[in-house]
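Quick notes on the structure that follows.
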Amino acid sequence: MSGATPDLTRLLLKQEVEDFLYHEAELLDERRYEEWLELFTEDAHYWMPMRRNVRADEPEREFTRQGTDVNWFDEGKDTLTRRVQQILTGVHWAEEPPSRICHMVSNVQIRCASPPGPAPSEVAVKCRFLVYRNRVQTETDILVGKREDLLRKVDGHWKIARRKIVLDQSVLLTKNLTFFF
């Protein structure tokens, strides 16, 4: 990309990040969980706070805090790996039979890249998602929200170093959270 204009460089980076996120969604939809785990750095953090209904003058209380409060997820790659291994045993009660899941990713925004220039090693990304899940005959879940990711280049490939998942729902009606975002 040497010699490319800053606008073109940013556009190419955005396309590269979008392709990465779409590939990740495809891996999850196809239940290729071990390949999905390879998209995470060893020091990855995967966090989904709980959302509360609070008064308009108390916005700081809306979300549970990382590492302090109870969260839907507050885990590293080791915990994600154990969750995947459990699902892959085939005796996971909540995923037998396996769910049919569709991940949709949109509104991808590059928030910042460092170092600035044509070859950043880290990129802060924000996007929206919709996860549709159907299992057995009658269970259907639709979860909508936002993700904030920190992607890091490792050996020439993007990997997820941090993921914050914010659901738009404050009450989850799904029977379990065995799937990934």
Side-chain angles (χ1 to χ4, degrees), residues 17-54 61-109 125-152 157-181:
V17 167
E18 285 177 346
D19 289 345
F20 174 83
L21 296 175
Y22 300 152
H23 173 69
E24 179 199 10
E26 196 67 24
L27 290 177
L28 288 171
D29 291 352
E30 293 176 356
R31 301 183 195 120
R32 294 163 50 193
Y33 301 120
E34 291 169 313
E35 290 176 66
W36 175 73
L37 282 172
E38 292 174 19
L39 299 180
F40 286 83
T41 62
E42 292 305 312
D43 66 340
H45 188 249
Y46 186 88
W47 176 48
M48 185 165 75
M50 292 182 176
R51 189 171 213 164
R52 303 176 206 153
N53 294 316
V54 298
R61 292 189 53 246
E62 184 174 4
F63 296 101
T64 56
R65 296 167 295 174
Q66 176 182 329
T68 303
D69 299 325
V70 174
N71 296 280
W72 293 116
F73 300 114
D74 193 353
E75 49 197 19
K77 187 171 180 179
D78 59 330
T79 309
L80 290 172
T81 300
R82 286 195 299 271
R83 288 178 54 204
V84 164
Q85 289 169 343
Q86 184 181 25
I87 289 170
L88 293 177
T89 65
V91 292
H92 193 287
W93 69 269
E95 283 299 318
E96 187 57 41
S99 298
R100 292 165 295 279
I101 299 177
C102 181
H103 291 77
M104 290 180 251
V105 178
S106 70
N107 300 54
V108 176
Q109 303 168 51
V125 179
K126 193 171 185 177
C127 68
R128 305 293 191 266
F129 68 84
L130 183 143
V131 176
Y132 171 86
R133 173 184 170 196
N134 178 265
R135 72 179 294 279
V136 291
Q137 286 81 16
T138 59
E139 292 179 29
T140 298
D141 301 304
I142 297 174
L143 297 157
V144 178
K146 301 158 193 68
R147 285 193 326 215
E148 297 174 14
D149 291 337
L150 177 65
L151 303 182
R152 183 180 302 146
H157 301 283
W158 290 115
K159 292 195 178 259
I160 303 163
R162 304 282 177 270
R163 171 160 289 166
K164 178 182 177 184
I165 304 147
V166 176
L167 292 177
D168 286 339
Q169 298 96 319
S170 62
V171 176
L172 295 185
L173 301 178
T174 182
K175 292 182 179 179
N176 59 56
L177 281 175
T178 56
F179 50 96
F180 303 99
F181 293 86

Worksheet item: Checking side chain to side chain contact (heavy atoms under 4.5 Å, CB included) for the pair Leu80/Phe73: CA distance, chi angles, key distance, verdict?
Response: CA-CA 10 Å; Leu80 290 172; Phe73 300 114; over 6 Å; no
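- Residue His45 holds its NE2 atom at 4.0 Å from CG of Asp74, rounded to the nearest 0.5 Å.
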Discussion item. With side chain to side chain contact (heavy atoms under 4.5 Å, CB included) as the criterion, how do Val166 and Phe129 come out once you've worked through the C-alpha distance, each side chain's angles and the decisive distance to 0.1 Å?
Written reply: CA-CA 10 Å; Val166 176; Phe129 68 84; over 6 Å; no
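- Contact of the Val70 side chain with the Met50 side chain is registered, since non-hydrogen atoms from C-beta on lie closer than 4.5 Å.
- To the nearest 0.5 Å, atoms CD (Gln169) and CG (Leu143) are separated by 5.0 Å.
- In this structure, the side chain to side chain contact (heavy atoms under 4.5 Å, CB included) partners of Thr174, at least two apart in sequence or on a different chain, are Arg133, Asp141, Leu172, Leu177, Phe179.
- At least one side-chain heavy atom of Arg52 sits under 4.5 Å from a side-chain heavy atom of Thr64.
- In Asn107, the CG atom is crowded: over 12 heavy atoms of neighbouring residues, nucleotides or ligands sit closer than 6.0 Å.
- Annotation for Asp29 and Ile101: closest pair OD1-O, 3.2 Å, computed over non-hydrogen atoms.
- Judged as a ring pair (Phe, Tyr, Trp, His ring centres under 6.0 Å), and not counting sequence neighbours, Phe63 has no contacts.
- Below 30°, between 30° and 60°, or above 60°: for Tyr46 and Trp36 the angle between ring planes is above 60°, a perpendicular geometry.
- When the salt bridge (charged side-chain N to carboxylate O under 4.0 Å, His left out) test is applied to Arg31, no partner is found at least two apart in sequence or on another chain.
- In this structure, Glu139 and Val136 approach most closely via the heavy-atom pair OE2-CG2, 3.7 Å.
- Applying the ring pair (Phe, Tyr, Trp, His ring centres under 6.0 Å) test to Trp158 and every residue at least two apart in sequence or in another chain returns nothing.
- Taking CG of Asp149 as the reference point, atom SG of Cys127 lies at 6.0 Å (rounded to 0.5 Å).
- Between Asp43 and Arg162 there is a side-chain heavy-atom pair separated by less than 4.5 Å.
- In terms of heavy-atom proximity, Tyr22 sits nearest to Val105 at CE2-O, 3.7 Å.
- A distance of 12.5 Å separates CD of Glu24 from CZ of Arg32, quoted to the nearest 0.5 Å.
- Between Gln85 and Thr89, every side-chain heavy-atom pair lies at or beyond the 4.5 Å cut-off.
- Under the rule for a salt bridge (charged side-chain N to carboxylate O under 4.0 Å, His left out), the partners of Lys146 that lie at least two apart in sequence or sit in another chain are Asp168.
- With sequence neighbours excluded, the residues satisfying side chain to side chain contact (heavy atoms under 4.5 Å, CB included) with Asp78 are Arg82.
- The NZ atom of Lys159 sits 10.0 Å away from atom CG of Leu37, with the distance rounded to the nearest 0.5 Å.
- The shortest distance between side-chain heavy atoms of Arg135 and Pro97 falls below 4.5 Å.
- Between Lys77 and Glu75, the closest side-chain pair of non-hydrogen atoms is not below 4.5 Å.
- Heavy atoms only, all atoms of each residue included: Asp69 and Asn71 are closest at O-ND2, 2.8 Å.
- With rounding to the nearest 0.5 angstrom, the CD1 atom of Ile160 is 7.5 Å from the CG atom of Leu21.
- Applying the 6.0 Å contact sphere to CD of Gln109 captures more than 12 heavy atoms from other residues, nucleotides or ligands.
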